[in-house]
Amino acid sequence: MKILSLFCAALSALFSTCGKEPSVVDWQQVSKVVYRHSDPSIAPDYYRSYTLTVTANSIEFQVNNYSETLLSKSFTLSEESFRSFVDKLSQLGIKKVKEVKSISTGSSTMSLSLYHGDDEFFDAYSTHGGGNLSLPHPVQLQSLIDELLPSLHDLIEQTRGN
């Protein structure tokens, strides 16, 4: 549950514009969503990074510990479910940030990329180095992630001890 909560906090943190000039994301153009999470630098037994790649027909989920893939799973997704997911993301008030500042080292990093076909047209990064993260929509975000991949936490926990 802790990892799922961190995932939700991470996504919410991505959506903060932090005083930078935002512009609106064209949600109708989204054909793929890629979310990446990396833990801070810790021992390989505990370190986990994961990537969710969501398209109109699948969810690809991969968990790594530095250089080794610990888990790779695919799930079927309908186009209707994908559109619903993208629509719900759009309702969270995500803004496109024109400039990404450098990423802190030694902290958890999260990124969200949006694609039209194979072309990435939106990319946002966020870090969490122990400070408080802003959670403008924690309940909605938690529900969205639970709908998309209810087993996220369990899948990550399956990799412990590998």
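On a predicted model such as this, the values are computed, not experimentally measured, just so you know.
- His116 places no side-chain N or O within 3.5 Å of a backbone atom of Val30 that could act as its donor or acceptor partner.
- A side-chain N or O of Glu60 and one of Ser74 form a donor-acceptor pair less than 3.5 Å apart.
- Of the possible donor and acceptor atoms, none in the side chain of Arg48 sits under 3.5 Å from a partner among the backbone N and O of Glu157.
- Contacts of Asn57 classified as side chain to side chain contact (heavy atoms under 4.5 Å, CB included), with partners at least two apart in sequence or in another chain: Thr55.
- A donor and an acceptor atom, one from each side chain of Arg36 and Ser49, are nowhere located under 3.5 Å apart.
- Taking the side chain to side chain donor-acceptor pair (under 3.5 Å) definition, one finds that Ser81 meets it with Ser78, sequence neighbours left out.
- The side chain to side chain contact (heavy atoms under 4.5 Å, CB included) search around Gln28 returns Asp26, not counting sequence neighbours.
- Under the 4.5 angstrom side-chain criterion for Ile, Leu, Val, Met, Phe, Trp and Tyr, the cluster partners of Ile42 are Tyr46, Tyr47, Tyr66.
- For Asp87, the side chain to side chain donor-acceptor pair (under 3.5 Å) partners two or more places apart in sequence, or in a different chain, are Gln91.
- Judged by distance alone, with hydrogens and angles left aside, the side-chain atoms of Ser31 form a donor-acceptor pair with the main-chain N or O of Gly117 at under 3.5 Å.
- Using a 4.5 Å cut-off between side-chain heavy atoms of Ile, Leu, Val, Met, Phe, Trp and Tyr, Tyr115 falls into a hydrophobic cluster with Val34.
- Look at Glu80 and Arg83 and you find no salt bridge, because none of the NZ, NE, NH1 or NH2 atoms lies under 4.0 Å from a carboxylate O.
- In this structure, Leu77 and Ile59 approach most closely via the heavy-atom pair CD2-CG1, 4.1 Å.
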